[in-house]
Amino acid sequence: MRLRLLLLLAVCGAAAGAAVRTLSLRGRWRIRSGNGSLELPGDVPGCVHTALLQQNLIQDPYYRFNDLNYRWISLDNWTYSKEFKIPFDISKWQKVNLIFEGVDTVTKVLLNDVTIGETDNMFKRYSFDVTSVVRDVNSIELRFQSPVLYAAQQSKAHTRYEVPPDCPPVVQKGECHVNFIRKEQCSFGWDWGPSFPTQGIWKDVRVEAYNFCQLNYFTFSPIYDAGAQEWNLEIESSFDVVSSKPVYGHVMVALPKLQTQQTQGIELQPGERVVELFVKINKNISVETWWPHGHGNQTGYNMTILFELEEGLSIEKSAKVYFRTVELIEEPIKGSPGLSFYFKINGLPIFLKGSNWIPADSFQDRVTSDLLRLLLQSAVDANMNTLRVWGGGVYEQDKFYELCDELGIMVWQDFMFACALYPAGQGFVDSVRAEVAYQVRRLKSHPSIITWSGNNENEAALMMNWYGIHISDLPTYINDYVTLYVKNIREIVLTADKTRPFITSSPTNGAESVAEGWVSHNPYDKHFGDVHFYDYISDCWNWKIFPKARFVSEYGYQSWPSFSTLEKISSEEDWSYGSRFSLHRQHHADGNTEMLLQAGLHFKLPQSKDPLRSFKDTIYLTQVMQAQCVKTQTEFYRRSRSQVVQGEGHTMGALYWQLNDIWQAPSWASLEYGGKWKMLHYFARHFFAPLLPVGFENQDVFFIYGVSDLRSDCNVTLTVRLHAWSSLEPLCSRRTRRLVMKAGKATLLYEEPVPRLLKTCGKCTRQRCVVSFHLSAAGQLLSPTNYHFLSSLKEAVGLHKAHITFSVPATLLSRLPSVVGLVQWKERLRGHHHEGSAVVPGSILGASLQRSGVLSSSLTSEETIGRSCARSCSQGASEPGRPSCLGTTAGGVKGAAFLVPPSVDFSETCPS
Ligand code: BMA
């Protein structure tokens with residue numbers, strides 16, 4: 001045997017010291033429909049839908065009603081096949097595995113006509129031992145079963161009791177029983193997304209041949225020893241030892257920048273072996289910790305790990321190690337019943353501000369690194385520090401978490417269960433166990449992930465009885481719930497990862513839910529854990545409707561994406577708010593009506609007789625409404641961080657629903673499909689600013705709170721101005737004396753009865769005037785200029801239509817429309833000319849404020865800018881270095897006026 005081994009190693013001399021050969025099976029495969037009527041090439045990673053699209057066998061699946069037209073694709077049973085030759089002598093290798101990093105979803109896998117295994121979980125990694133089946137020339141086949149038919153079958157086989165919901169609401173036009181298949185839950189349809197239950201090999205696939213032994217994976221966790229005040233690194237490596245005798249050697253771990261190096265002997269017995277290493281980081285070197293965006297740097301350290309084993313076998317791996325601690329604090333709060341719910345990073349309490357992440361496309365193979373970077377950078381650009389990876393999508397690809405590490409985005413990671421009850425039979429649970437073990441192992445080394453969370457809204461679904469369960473059946477469902485999320489998922493997570501908290505659901509009452517047997521009678525209790533809050537009917541300008549909760553992990557309002565986004569997937573007959581298309585794309589019952597009702601509370605609704613103008617104005621108005629509603633709500637949560645009023649408050653998180661879109665449709669997102677910023681995202685950049693003055697009224701008294709996310713106190717001056725709607729110059733302006741904004745606190749800065757405020761400023765009335773305010777120090781602007789409306793804009797007196805011309809420098813044109821840049825603009829208002837610069841695509845209005853600090857008039861949508869610029873660019877109209885895109889905006893939605901403060905990069909520290 002030993003001689004054979006030596007010979008084998010000599011054979012693979014080229015890879016001296018390496019005992020593994022791999023062959024990637026990425027690339028072209030053949031795809032066949034169930035009855036063989038369709039045969040086409042398709043890429044792996046990929047799916048049937050994108051393959052059909054690439055071959056022009058279907059139109060863009062997102063076009064108009066194609067989600068319904070193409071239902072047949074997911075109802076068919078497709079087969080993927082490929083012939084491949086092994087480019088090395090396969091007979092000389094002791095063990096050969098076929099590895100799938102992800103199969104979507106239900107398949108039988110055959111190699112050379114021999115069944116080598118089955119798959120039924122999109123979130124698992126599959127490794128099949130094919131040593132006895134593999135040849136020099138091979139044929140591989142994956143016979144898929146329709147996920148829709150499979151889910152129906154599984155549900156039918158669950159005969160003892162129903163596991164609701166059976167089907168999504170009709171308005172979602174989705175498929176049924178998604179809770180019976182371990183697949184992206186929203187792929188069967190959601191209230192913001194289409195039903196495209198894909199089939200395909202969605203991740204890498206390869207053949208791996210090895211002798212002697214092979215490293216399956218390695219993972220690590222930095223752990224802080226508070227007693228000894230030192231960092232340690234727990235490293236876990238898993239080997240498959242195919243040698244019949246133990247393998248000896250040593251492992252060397254090095255983090256050069258931390259002057260840490262450790263060598264240790266190892267002995268690997270035959271079989272699957274896990275080696276655990278414990279590395280002490282050199283105490284004499286100070287370790288720079290990883291911080292969330294806005295709180296410090298994202299320092300990481302290069303680590304190499306080298307295994308040198310017998311027979312000259314060496315395996316080297318490298319990784320970036322980040323050091324940080326995270327704690328979820330649930331403790332009594334003075335003056336309030338219940339418990340706190342907030343996160344400490346490296347010992348510092350941090351207000352989590354951000355949004356919720358959903359899959360960036362129905363077809364995961366279209367989610368490129370560039371797209372992820374664009375979306376995640378947009379989150380950071382909007383001053384967010386957290387994203388919740390929502391449980392109805394997918395565990396994101398490695399690149400997503402690498403970018404979050406790099407950008408300082410904290411990730412609240414759900415397990416992939418959402419808005420449903422789930423079966424808890426042995427087969428299902430076993431599959432989930434393997435999924436969870438794999439995903440935790442894959443993801444746990446990322447500092448960005450700060451908490452695991454068992455599911456989305458399933459505790460609420462159960463305890464608020466969303467599905468009309470008979471009270472006598474409740475114990476059965478609770479039992480299944482506890483079996484799945486507590487006895488299995490939680491147990492696996494806590495064993496595998498001791499470095500971050502686990503909560504069972506979102507929303508949950510945290511420790512209180514645990515005390516009530518893991519399910520609380522009201523998981524929305526404001527005194528515990530997190531809450532989700534939606535109210536589309538009440539007036540969103542009234543902050544009193546919002547819950548003063550500990551942590552708000554979901555809230556939001558819908559809007560329509562811009563016309564330029566919709567135009568690509570619709571035709572002229574669709575371009576009205578009441579069209580069949582507009583109704584079809586809306587997956588939330590009464591959503592379109594709700595948006596208009598909410599907008600109508602404060603804005604004049606579009607009145608244009610021109611149908612297209614009216615459609616565009618309505619789209620625009622929904623975005624203005626959404627932005628203003630989410631702003632009011634978020635500012636309420638941020639100013640509640642240090643307060644307890646009637647036992648409520650101490651709010652330490654605001655994650656609005658939702659960051660991104662899966663397709664072009666009305667939704668709660670602030671980023672459109674493809675990454676374009678909606679109005680809300682521009683607003684978010686300001687309402688999430690590190691230093692923010694927040695204005696609101698209570699019983700005719702106007703208050704301004706100063707919210708600080710900074711780590712040190714800050715001396716500021718507050719400027720409060722009153723402007724008439726009819727003028728660009730403020731009517732009155734006053735500055736406070738120097739005030740102290742406490743680090744990490746919301747402080748009352750200003751208080752004045754509205755009648756007095758108006759009286760001190762000449763001719764102001766609630767309808768004629770608007771208030772703006774900002775923070776500064778030594779002439780330097782420290783915050784966005786915020787504003788407070790004294791009346792509904794539909795009642796505002798003195799507003800004028802805007803007449804704005806603009807030009808965009810040629811250098812920016814190539815980056816349109818997805819990039820924010822500066823444009824020069826000129827505006828004529830009542831015969832006076834004004835000029836300045838503004839962000840594009842975006843709002844020229846921001847520019848008028850940059851100069852004057854106040855809104856001047858109503859404004860048309862940003863469509864005109866983006867589109868006409870893109871057009872002149874594509875026509876090659878630009879000359880380098882010269883303004884090359886000129887356009888004019890017409891007067892827009894009357895009364896749809898609002899303020900966009902200037903774009904300033906606000907500092908993470910207070911200027912000294
Ligand atoms: C929450 C989310 C999603 C949903 C959103 C808007 O409940 O968890 O399921 O899309 O509300 O309705």
Side-chain angles (χ1 to χ4, degrees), residues 164-165 167-174 178-179 184-195 354-360 362 386-394 412-422 453-467 485 503-508 522-524 529-538 540 546-547 549 551-561 585-595 598 622 626 629-630 633 653-663 665-671 673 678 680:
C167 300
V170 179
V171 65
Q172 291 181 19
K173 301 146 199 106
V178 71
N179 47 350
E184 179 181 325
Q185 297 290 281
C186 67
S187 68
F188 277 40
W190 215 262
D191 60 2
W192 34 256
S195 170
S355 184
N356 284 266
W357 172 270
I358 63 156
S362 292
T386 306
L387 292 176
R388 169 169 171 253
V389 176
W390 166 76
V394 297
W412 170 315
Q413 179 67 49
D414 280 5
F415 286 92
M416 294 301 131
F417 303 85
C419 301
L421 306 186
Y422 283 84
S453 173
N455 62 67
N456 174 71
E457 299 185 344
N458 297 352
E459 182 182 339
L462 187 60
M463 300 311 283
M464 313 306 273
N465 203 2
W466 290 3
Y467 309 118
Y485 303 111
I503 54 173
T504 328
S505 186
S506 173
T508 178
N522 171 22
Y524 294 93
D530 62 330
V531 304
H532 295 182
F533 179 80
Y534 295 95
D535 177 352
Y536 311 114
I537 306 301
S538 309
C540 79
F546 305 126
F551 194 111
V552 192
S553 44
E554 274 191 26
Y555 58 96
Y557 293 84
Q558 279 201 331
S559 73
W560 273 79
R585 282 321 246 221
Q586 174 57 270
H587 281 200
H588 164 63
D590 295 328
N592 290 348
T593 314
E594 280 168 2
M595 278 184 264
Q598 184 62 246
T622 65
Q626 177 198 34
C629 286
V630 178
Q633 196 169 357
L655 310 178
Y656 68 73
W657 185 266
Q658 67 207 67
L659 179 76
N660 54 324
D661 256 339
I662 198 166
W663 73 336
S667 85
W668 294 256
S670 62
L671 297 175
Y673 175 74
K678 279 183 179 173
L680 170 57

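In what follows, residues are counted from 1 in the order of the sequence shown. Whatever order the structure lists ligands and atoms in, that order sets their numbers, starting from 1.
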- [ ] State, without any angle test, whether E554 and Y534 hold a side-chain donor-acceptor pair at a distance under 3.5 Å.
- [x] yes

Open item on the list: Taking side chain to side chain donor-acceptor pair (under 3.5 Å) as the criterion, tell me which of Y422, W466, Y485 meets it with N458.
Closed with: Y485

Task: Nearest neighbour in protein (non-hydrogen) for atom 5 (C) of ligand 1 - done: W657 NE1, 3.5 Å

- [ ] State the atoms of ligand 1, each with its element, that fall below the 4.0 Å cut-off from a heavy-atom position in W190.
- [x] 3 (C), 4 (C), 9 (O), 10 (O)

Task: Per-atom contacts of ligand 1 with N456, taking only distances under 4.0 Å to non-hydrogen atoms - done: 8 (O), 9 (O)

TODO: Could you list which atoms of ligand 1 come closer than 4.0 Å to a heavy atom of W390?
DONE: 2 (C), 3 (C), 8 (O), 9 (O)

Task: Side-chain H-bond candidate by donor/acceptor type, N356 with W412, under 3.5 Å - done: no

Open item on the list: Applying a heavy-atom cut-off of 4.0 Å, say which part of A418 lies close to ligand 1: side chain, backbone, both or neither.
Closed with: neither

- [ ] Mark up the atoms of ligand 1 that fall under 4.0 Å of a heavy atom belonging to C419, in ascending order.
- [x] 9 (O)

Task: Protein contact of atom 7 (O) of ligand 1 - nearest heavy atom, named by residue and atom, plus distance - done: E457 OE2, 2.5 Å

Open item on the list: How far is atom 2 (C) of ligand 1 from the closest protein heavy atom, and which atom is that?
Closed with: E554 OE1, 3.1 Å

Task: Which segment of H532 sits under 4.0 Å of ligand 1 when only heavy atoms are counted - done: neither

- [ ] For residues H588 and W668, establish whether the separation of their ring centroids is below 6.0 Å.
- [x] yes

Open item on the list: If only side-chain N and O atoms count, and only distance matters, is there a donor-acceptor pair under 3.5 Å linking Q626 with S559?
Closed with: yes

TODO: Examine W192 against ligand 1 and note whether any of their N/O atoms are separated by less than 3.5 Å.
DONE: yes

TODO: Dump the intermediate steps for side-chain contact (heavy atoms from CB on, under 4.5 Å) on Q558 and Y536, then the final yes or no.
DONE: CA-CA 9 Å; Q558 279 201 331; Y536 311 114; 5.7 Å; no

TODO: Using atom types as modelled and distance alone, determine if a side-chain donor or acceptor of D191 lies under 3.5 Å from a backbone N or O of Q172.
DONE: no

TODO: Identify the protein heavy atom lying closest to atom 12 (O) of ligand 1, giving its residue, its atom name and the separation to 0.1 Å.
DONE: D191 OD2, 2.5 Å

- [ ] For a ring pair (Phe, Tyr, Trp, His ring centres under 6.0 Å) with W192, tell me which candidate from Y673, W663, W390 qualifies.
- [x] W390

TODO: Kindly confirm or rule out an N or O of W668 lying under 3.5 angstrom from an N or O of ligand 1.
DONE: no

